[in-house]
Amino acid sequence: MVERKHIQVFGTVQGVGFRFYTQKIANQHDIKGTVQNVDDYVDIYAQGDTESLDQFINSVVSGASPASNVTNYDIETLDVDESLKDFKTI
């Protein structure tokens with residue numbers, strides 16, 4: 001089953017390669033969507049099959065990059081977006 005999630009990740013997640021590693025993890029798990037810096041957190045829209053999406057989220061919120069320190073995160077379920085073709089860093 002395909003699902004789509006909006007994930008907001010807080011902590012030391014900017015200026016530490018977090019987006020780069022998030023995109024790398026997304027590609028490993030065949031996740032479609034986007035990652036971008038917003039104010040003092042990182043915003044991720046991720047879509048994929050349930051198992052892959054769960055693995056992706058677990059990897060990201062445990063600290064996508066070696067220098068990051070995730071202190072909190074929020075996850076919201078969204079409607080599937082059939083137009084997504086890849087994962088992009090914005």
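In what follows, residues are counted from 1 in the order of the sequence shown. The structure presented is a predicted model; accordingly, all values stated were derived computationally and were not measured.
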Asks: Only one of Asp43, Ile75, Thr77, Ile44 clears side-chain contact (heavy atoms from CB on, under 4.5 Å) with His6; which?
Replies: Asp43
Asks: Identify all side-chain donor-acceptor contacts of residues 82-89 below 3.5 Å with residues at least two apart in sequence or on another chain.
Replies:
from: Ser83; atom 1: OG; to: Asp81; atom 2: OD1; distance (Å): 2.6
from: Ser83; atom 1: OG; to: Asp81; atom 2: OD2; distance (Å): 3.4
from: Thr89; atom 1: OG1; to: Gln23; atom 2: OE1; distance (Å): 2.5

Asks: Over all heavy atoms of both residues, which pair between Val9 and Val13 is shortest? Give the atoms and the distance, please.
Replies: O-CG2, 3.5 Å
Asks: For Glu3, give me all partners under side-chain contact (heavy atoms from CB on, under 4.5 Å), at least two apart in sequence or on another chain.
Replies: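 Partners of Glu3 under the side-chain contact (heavy atoms from CB on, under 4.5 Å) test: Met1, Lys5, Thr50, Leu53.
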Asks: For Tyr21, enumerate each residue passing the ring-ring contact (aromatic ring centres under 6.0 Å, His included) test, keeping only those at least two apart in sequence or located in another chain.
Replies: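 Checked Tyr21 against ring-ring contact (aromatic ring centres under 6.0 Å, His included); zero matches.
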Asks: With side-chain contact (heavy atoms from CB on, under 4.5 Å) as the test, pick out the partner of Phe56 among Asn27, Val61, Ile7.
Replies: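 With Phe56 as partner, side-chain contact (heavy atoms from CB on, under 4.5 Å) holds for just one option, Ile7.
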Asks: For Val80, what are the other residues in its hydrophobic cluster, where any two members join if their side-chain heavy atoms are less than 4.5 angstrom apart?
Replies: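 Answer for Val80: Val2.
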Asks: Just do the side-chain contact (heavy atoms from CB on, under 4.5 Å) check on Tyr41 and Asn72 with the steps written out, would you?
Replies: CA-CA 10 Å; Tyr41 63 93; Asn72 196 16; over 6 Å; no
Asks: Heavy atoms only: give me the nearest Ser59-His29 pair and the separation to one decimal.
Replies: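 For Ser59 versus His29, the nearest heavy atoms are OG-NE2, 4.4 Å.
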Asks: What closest approach, in Å, do Ile31 and Gly48 show between heavy atoms, and which atom pair accounts for it?
Replies: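 Distance-wise, the nearest heavy atoms are CD1-CA, 4.1 Å.
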Asks: Which pairs with one or both residues in residues 48-62 pass salt bridge (Lys or Arg N to Asp or Glu O under 4.0 Å), sequence neighbours excluded?
Replies: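 Checked against salt bridge (Lys or Arg N to Asp or Glu O under 4.0 Å) - neighbours excluded - no pair reaches residues 48-62.
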Asks: Can you run down the salt bridge (Lys or Arg N to Asp or Glu O under 4.0 Å) pairs that involve residues 16-40, sequence neighbours left out, and say none if there aren't any?
Replies: Asp30-Lys32
Asks: Taking only residues two or more places apart in sequence or in another chain, which ones pass side-chain contact (heavy atoms from CB on, under 4.5 Å) with Asp74?
Replies: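 Here the qualifying residues are Gln8, Phe10.
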Asks: Atom CG in Asp79, atom CD in Gln47: separation rounded to 0.5 Å?
Replies: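 Reported to 0.5 Å precision, the distance equals 10.0 Å.
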Asks: How is the hydrophobic cluster of Tyr45 composed, in terms of its other members, when Ile, Leu, Val, Met, Phe, Trp and Tyr link through side-chain heavy atoms under 4.5 Å apart, directly or indirectly?
Replies: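 Its cluster partners, ordered by chain and number, are Leu78.
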Asks: Just so I know, are the side chains of Val60 and Phe18 near enough to count as touching, which here means a heavy-atom distance under 4.5 Å?
Replies: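 Yes, at least one pair of side-chain atoms sits under 4.5 Å.
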